[in-house]
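Quick caveat, the model's predicted, so the values are computed rather than measured. Worth knowing before you read on, the calculation uses all heavy atoms, side chains too, and leaves out hydrogens, waters and symmetry mates.
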Amino acid sequence: IASERGVTRDGVMAEVVSFAREIVPSFNPYIYFNLGYRVARRFLRYFYHVRVGWVHDAALKELPPKTSVVFFINHRSNLDYLLVTYLASRRAALSYGAGEWARVWPFRAVLRLAGAYILRRNLDDPVYRVVLRRYVQMATAAGVPHAIFSEGALSRNGMVNAPKLGLLSYVCRDFDPAGDTDIIFVPVGTNFDRVVEQRTLIANADTDYRGRGAGFVLWSTFVFVCRQIWHKLTRQRQGFGMAVANFGEPLSLRDWSKRNSVSLASLEQDQLFAAVGALGNELHNRIVDTIPVLPVPLLAMVLLTADEPMTRDELQRETLKELENLRGKGAHPGILEGGEESAILDGIELMRRLGLITINGHDKVEPHADERVLLQYHANSMVQLSASLGPDS
């Protein structure tokens, strides 16, 4: 690299040191397990009914020695950071790769203390890529639990989109199935009745928190906080519904390598990316099958596929039928058993309050004419889940 750039080796090493200081987190156990946990719990519970919907029997059990754990998560909202940290923090301290928005003060300092490393996804610098890759490899080898957002960016269509392979390839690059250490991937599916960023995400193709600059991030945060303070002062706060994470069936990289007769450490670059692509697709499918079924996404799917408006009672009955259909196909609802009827009614009320539906004088419920795109955004998570689980039962 030094010869290609026409600089000295010391010059390149100065870049390495600079990038390393930027990337490597300054983890503080007190911040993560005490302050961070309490802040995440209080913040999430202020807005949502938060719970773990389902955990595969082996997902969060004690793992054998010399095992590195990687949580592979869909990226529904920036609150995924808080949700999964809060729900898993009693078991592990997770190290996240946070995007460009997290480079803004004060988010950067706080996230680094909580174990996050800041990513520059748009920086095509070979020195930066080498330093980032080496950090991820060293952290994995040291057994630091990782959390990787499979899509790399927030989903703007409500689906779990195709996985990005960069960080996944770094984790797997030097893995030897005959070695002493195994890597266990835990697929995690998250879902929300209301996604905080939902209107920003569906506005247009280039409206997102990535690449919009510090001003956009700080202003968006300021507006959101001010709005919530106003609602609190005027006693208008009524919550955002449910926020749920499901922890799916773990995947052993050693077992996967043996099943596919491949040793990732011995592959050339093109072969490695092909193998990592196959691994990413399998993990992606497991995430899709793990997505929690929640009232608002389910109601949105039922409303958008209905031939005609329904009364609240009819909508509730049809939604409960679809819930049982998904449960029969193997889905994992975030709705507590025995509380389905009240949860669906709460979902209808939340959608009415948010202006997603209209209810006329005859108690007929219809999608609001201006909100069909947002309703489709919510419904897509259920449509994708239903298609992945197979034909209707």
Side-chain angles (χ1 to χ4, degrees), residues 53 70-81 83-84 96-102 119-122 146-172 185-212 243-249 251 273-294 296-298 300-301 304 326 331-332 334 372-390:
V70 178
F71 290 80
F72 208 63
I73 313 167
N74 68 304
H75 207 359
R76 188 84 165 143
S77 167
N78 281 314
L79 294 185
D80 291 331
Y81 291 92
L83 180 63
V84 178
Y96 289 91
E100 286 86 349
W101 66 270
L119 302 175
R120 294 201 201 182
R121 293 191 178 95
N122 298 327
H146 275 12
I148 296 177
F149 291 109
S150 66
E151 301 150 278
L154 293 172
S155 172
R156 286 181 286 206
N157 58 13
M159 295 184 179
V160 184
N161 295 300
K164 296 294 179 65
L165 304 179
L167 286 178
L168 185 61
S169 69
Y170 294 168
V171 168
C172 301
F185 292 98
V186 178
V188 182
T190 67
N191 211 351
F192 299 80
D193 273 329
R194 178 183 175 183
V195 176
V196 173
E197 310 90 341
Q198 59 190 23
R199 295 193 180 277
T200 298
L201 294 172
I202 68 169
N204 54 63
D206 60 0
T207 302
D208 198 352
Y209 288 96
R210 291 183 63 184
R212 295 293 298 272
V244 178
N246 287 338
F247 294 79
E249 181 182 1
L251 175 65
F273 261 84
V276 172
L279 173 64
N281 287 335
E282 182 164 344
L283 290 170
H284 167 269
N285 293 337
R286 293 194 184 199
I287 290 175
V288 172
D289 292 346
T290 308
I291 294 297
V293 180
L294 299 187
V296 169
L298 194 59
M301 182 175 71
L304 292 177
L326 287 171
H332 305 288
R372 296 188 74 90
V373 174
L374 183 52
L375 285 167
Q376 190 65 61
Y377 164 85
H378 283 288
N380 281 344
S381 64
M382 298 296 95
V383 172
Q384 185 182 30
L385 172 65
S386 181
S388 176
L389 293 174

Indicate yes or no: at least one non-hydrogen side-chain atom of [X] is less than 4.5 angstrom from one of [Y].
X      : Y      : result
Leu251 : Phe72  : no
Pro187 : Ile73  : no
Arg194 : Val296 : no
Asn74  : Thr190 : yes
Pro163 : Leu168 : no
Ser150 : Leu283 : no
Ser381 : Phe192 : no

For [X] and [Y], work out which heavy atoms get closest and say how close.
X      : Y      : answer
Leu79  : Glu197 : N-OE2, 4.2 Å
Val188 : Ala245 : CG1-CB, 4.3 Å
Val195 : Ser77  : CG1-CB, 3.8 Å
Tyr377 : Ser155 : CE1-O, 3.8 Å
Pro292 : Val244 : CG-O, 3.5 Å
Leu326 : Met382 : CD1-SD, 4.4 Å

Calculate, to the nearest 0.5 Å, the distance between atoms [atom1] and [atom2] belonging to [X] and [Y] respectively.
X      : Y      : atom1 : atom2 : answer
Met159 : Ser388 : CE    : OG    : 11.5 Å
Leu304 : Gln376 : CG    : CD    : 5.0 Å
Asn78  : Leu83  : CG    : CG    : 12.5 Å
Leu298 : Asp193 : CG    : CG    : 10.0 Å
Ile291 : Ser386 : CD1   : OG    : 13.5 Å
Leu375 : Met301 : CG    : CE    : 13.0 Å

Under a 3.5 Å distance rule, please check whether [X] uses its side chain to pair with a backbone N or O of [Y] as donor and acceptor.
X      : Y      : value
Asn161 : Glu151 : no
Asn246 : His332 : yes
Arg76  : Leu154 : no

If a pair satisfies salt bridge (Lys or Arg N to Asp or Glu O under 4.0 Å) and one of its residues is in residues 275-286, list it, with sequence neighbours excluded. Arg259-Glu282, Glu282-Arg286
Apply ring-ring contact (aromatic ring centres under 6.0 Å, His included) to Phe149 and list each qualifying residue two or more places apart in sequence or on a separate chain. His75, Tyr81, Tyr96
